[in-house]
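Hydrogens, waters and symmetry mates play no part in the numbers below; they use all other heavy atoms, side chains included.
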Amino acid sequence: AEFMKLMIDNSKYKRIAGKLTLKVGAHFGMLDNYSSNIPLGPFERFHLGGTGLNGQDIFRGNDLIGLRGYPSESLVPFNGATGLEGGTIYQKMNVELRHPVVLNASYSAYMYGFFEAGNTWSTRRDYQPLDLYKSAGFGMRFSLPFVGQFGLDWAYGFDKLPGQTKPSGSQLHFTIGMPIR
């Protein structure tokens, strides 16, 4: 199998007042083939939802992209023509307002509020950059020596999951490590 995979992550931090900081992030990924004669396989695709805690599915190489406010891997498109699940394009944006609670040499903690929006699509033809699943919430992140970073988030998913009649609603998420996306 021959394919190319492009992933772009960009985050900007700006101090607003005192220690209050604004983080704005944009993330994009695309999987494509070099030749239209060789179709894309089931590997290296994008799965969206939850915390993306694992980061990657080690068996198929799929990237697990977090989108708080939705259950883990709940936003995974299915292509009926090929029978394959997982996106070949994803996009995610987030805004986070954070403030430290404790900052010292041995441990730190900060609280934050956030807004996220993202989606993943099966093919380039399906890609709609404004068709995004939105969520907002707040949380607390801790950093301890020998343990690393961990946190607890509460988020509300404003949009309905595929095949559902109600919005995703309230979700509690636990994270370990530093999330990239």
Side-chain angles (χ1 to χ4, degrees), residues 5-29 43-76 85-87 90-120 132-161 164 166-181:
K5 189 172 191 177
L6 170 71
M7 295 180 77
I8 299 171
D9 297 300
N10 189 13
S11 294
K12 180 78 174 168
Y13 295 84
K14 176 75 174 160
R15 186 167 288 186
I16 304 288
K19 294 180 181 176
L20 186 65
T21 304
L22 177 70
K23 174 196 171 210
V24 178
H27 314 277
F28 179 82
F43 304 105
E44 299 289 332
R45 292 176 175 258
F46 303 112
H47 291 210
L48 201 64
T51 60
L53 188 61
N54 299 359
Q56 193 170 43
D57 171 358
I58 60 171
F59 297 111
R60 292 182 291 170
N62 294 327
D63 286 293
L64 309 177
I65 311 296
L67 186 64
R68 296 171 286 191
Y70 298 91
S72 292
E73 297 186 69
S74 59
L75 301 170
V76 180
E85 71 173 17
Y90 92 91
Q91 148 184 325
K92 176 182 165 184
M93 291 156 293
N94 55 7
V95 176
E96 193 171 284
L97 196 58
R98 58 173 70 175
H99 192 279
V101 177
V102 176
L103 288 176
N104 68 40
S106 59
Y107 64 92
S108 63
Y110 59 91
M111 59 185 183
Y112 52 86
F114 61 87
F115 176 79
E116 290 187 329
N119 202 351
T120 183
L132 303 174
Y133 291 90
K134 297 162 288 304
S135 65
F138 57 89
M140 194 88 174
R141 192 92 51 206
F142 305 91
S143 186
L144 299 171
F146 304 110
V147 175
Q149 193 175 81
F150 63 96
L152 187 62
D153 299 331
W154 174 86
Y156 187 87
F158 297 109
D159 299 298
K160 295 181 245 178
L161 291 168
Q164 301 293 318
K166 295 181 183 176
S168 177
S170 179
Q171 302 281 326
L172 196 59
H173 301 286
F174 179 72
T175 59
I176 299 174
M178 184 73 167
I180 296 172
R181 295 173 183 88

Between [X] and [Y], is any pair of side-chain heavy atoms under 4.5 Å apart?
X    : Y    : answer
V76  : T120 : no
H47  : E85  : yes
I65  : H27  : no
F114 : N94  : no
R68  : Q171 : no

Spatial distance of atom [atom1] ([X]) from atom [atom2] ([Y]) [nearest 0.5 Å]:
X    : Y    : atom1 : atom2 : answer
K166 : K160 : NZ    : NZ    : 11.5 Å
K92  : F28  : NZ    : CZ    : 15.0 Å
T21  : K14  : OG1   : NZ    : 10.5 Å
L67  : Y133 : CG    : OH    : 10.0 Å
L20  : L97  : CG    : CG    : 4.5 Å
L103 : K19  : CG    : NZ    : 5.5 Å

What heavy-atom pair brings [X] and [Y] nearest, and what distance separates the two atoms?
X    : Y    : result
S168 : G69  : OG-O, 2.7 Å
L132 : D159 : O-OD2, 3.5 Å
A117 : K134 : CB-CG, 4.0 Å
A136 : F158 : N-CE1, 3.6 Å
Y107 : V102 : CE1-CG1, 3.3 Å
T51  : S72  : N-OG, 4.3 Å

Relative to the ring of F46, is the ring of Y90 parallel (under 30°), tilted (30 to 60°) or perpendicular (over 60°)?
tilted

Evaluate side-chain contact (heavy atoms from CB on, under 4.5 Å) for D63 paired with K5, printing each intermediate quantity in order.
CA-CA 11 Å; D63 286 293; K5 189 172 191 177; 2.3 Å; yes

Which side-chain N or O atoms in residues 138-147 pair as donor and acceptor under 3.5 Å with protein atoms at least two apart or in another chain?
| residue | atom | partner | partner atom | Å |
| --- | --- | --- | --- | --- |
| R141 | NH1 | T175 | OG1 | 2.4 |
| R141 | NH2 | Y112 | OH | 2.8 |

